[in-house]
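Shown next, in structure tokens, is the structure this report addresses.
Keep in mind that the numbers below use all heavy atoms, side chains included, and drop hydrogens, waters and symmetry copies.
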Amino acid sequence: MGLQALFFYIFAFVAVASAFMVISARNPVHSVLFLILTFFNAAGLFLLTGAEFLAMILLVVYVGAVAVLFLFVVMMLDVDFAELRAGVLDYAPVGALVGLVLVAELILVLAGNWVTPEAAGSGASPIPPLAERTNTAALGDILYTDYIYFFQIAGLVLLVAMIGAIVLTLKHRTDIKRQDISKQVARTPETGVKVVKVKPGQGI
């Protein structure tokens, strides 16, 4: 067994074990930390397959942004996780059904590769050798040439979703003072200065 195969089994074992701990840990903060560990090991698997761009994206986007955001939200919000876990059994049949569908899909994929191993190299966009084209350049060629319209549509969908989330969660409070620049610019000395005549011995 070569060194690459050894690292593959190490990364795969730690990734599966940490993924199991994500759903079995009682403390939600520990679950997020195990999720970060899972992402790191998945990035190591991507590096072993030569997909260094996907590995860096996984670390920067998921570990550096998404998982850390989950961690801060879980630590800052006072969520009653005991109450949330009370209804887990109600959704167990649906979760089991989804799990069975995923297992069936994985079996079909693995069985197809075992029966017809030549199908793996007959894709619409075969992977070029690393000596001819780097992994990042090959992904860029596919995204910005063959799938440029789908890429732009996905960006528009995310933009609309972001705007919709802001509109739905934005609340205008009437009990606080807000800055109105147009009123500030339109002020005159007569409205901006108020002269109060105070009689001797009286306060304002």
Side-chain angles (χ1 to χ4, degrees), residues 18-19 22-23 25-44 46-47 51-88 91 94 98 125 133-204:
S18 55
V22 170
I23 61 176
R26 294 184 176 272
N27 193 332
V29 177
H30 295 167
S31 296
V32 178
L33 293 176
F34 280 117
L35 180 64
I36 294 175
L37 181 60
T38 305
F39 286 150
F40 269 105
N41 287 275
F46 278 129
L47 284 176
E52 70 282 351
F53 178 75
L54 294 179
M56 294 301 105
I57 288 296
L58 185 64
L59 293 179
V60 172
V61 176
Y62 284 93
V63 176
V66 177
V68 175
L69 178 62
F70 286 167
L71 182 61
F72 278 112
V73 169
V74 169
M75 293 176 65
M76 293 177 65
L77 295 182
D78 188 13
V79 181
D80 189 2
F81 292 98
E83 183 180 354
L84 293 178
R85 291 194 183 94
V88 172
Y91 301 100
V94 179
V98 174
S125 300
R133 198 71 169 162
T134 62
N135 179 256
T136 307
L139 286 174
D141 293 339
I142 296 175
L143 283 178
Y144 296 108
T145 54
D146 299 336
Y147 301 100
I148 180 62
Y149 297 110
F150 299 101
F151 187 79
Q152 296 295 331
I153 291 172
L156 289 176
V157 170
L158 293 176
L159 178 61
V160 171
M162 181 182 66
I163 296 175
I166 294 174
V167 171
L168 292 175
T169 57
L170 182 63
K171 297 181 180 179
H172 292 282
R173 296 179 57 185
T174 58
D175 57 341
I176 60 175
K177 293 183 178 180
R178 296 183 181 275
Q179 184 181 14
D180 193 341
I181 299 177
S182 61
K183 289 184 178 180
Q184 293 177 350
V185 174
R187 290 181 65 183
T188 60
E190 290 77 12
T191 59
V193 178
K194 184 178 182 181
V195 180
V196 179
K197 294 183 179 181
V198 182
K199 295 181 180 180
Q202 294 181 352
I204 298 177

Response to the item:
Output for pair (Leu37 CG, Phe39 CZ), nearest 0.5 Å, gives 11.0 Å
Practice prompt. Take atom CG of Leu159 as the centre, draw a 6.0 Å sphere, and report whether it contains more than 12 heavy atoms from other residues, nucleotides or ligands.
Written response: yes
Listed pairs under 3.5 Å, donor-acceptor, residues 54-75 side chains, sequence neighbours left out:
none

Item to complete: Could you pull out all residues at least two apart from Phe53 that satisfy ring-ring contact (aromatic ring centres under 6.0 Å, His included)?
Response: none
Practice prompt. May I ask you to test the His30-Val22 pair for a side-chain heavy-atom distance under 4.5 Å?
Written response: no
Worksheet, complete the sentence: So CD1 of Ile153 and OH of Tyr147: to nearest 0.5 Å the spacing works out to 13.5 Å
Worksheet item: Out of curiosity, Leu33 CG to Ser18 OG, how far, rounded to the nearest 0.5 Å?
Response: 11.5 Å
Fill in: CD1-CD distance between Ile148 and Gln152, expressed to the nearest 0.5 angstrom
4.5 Å
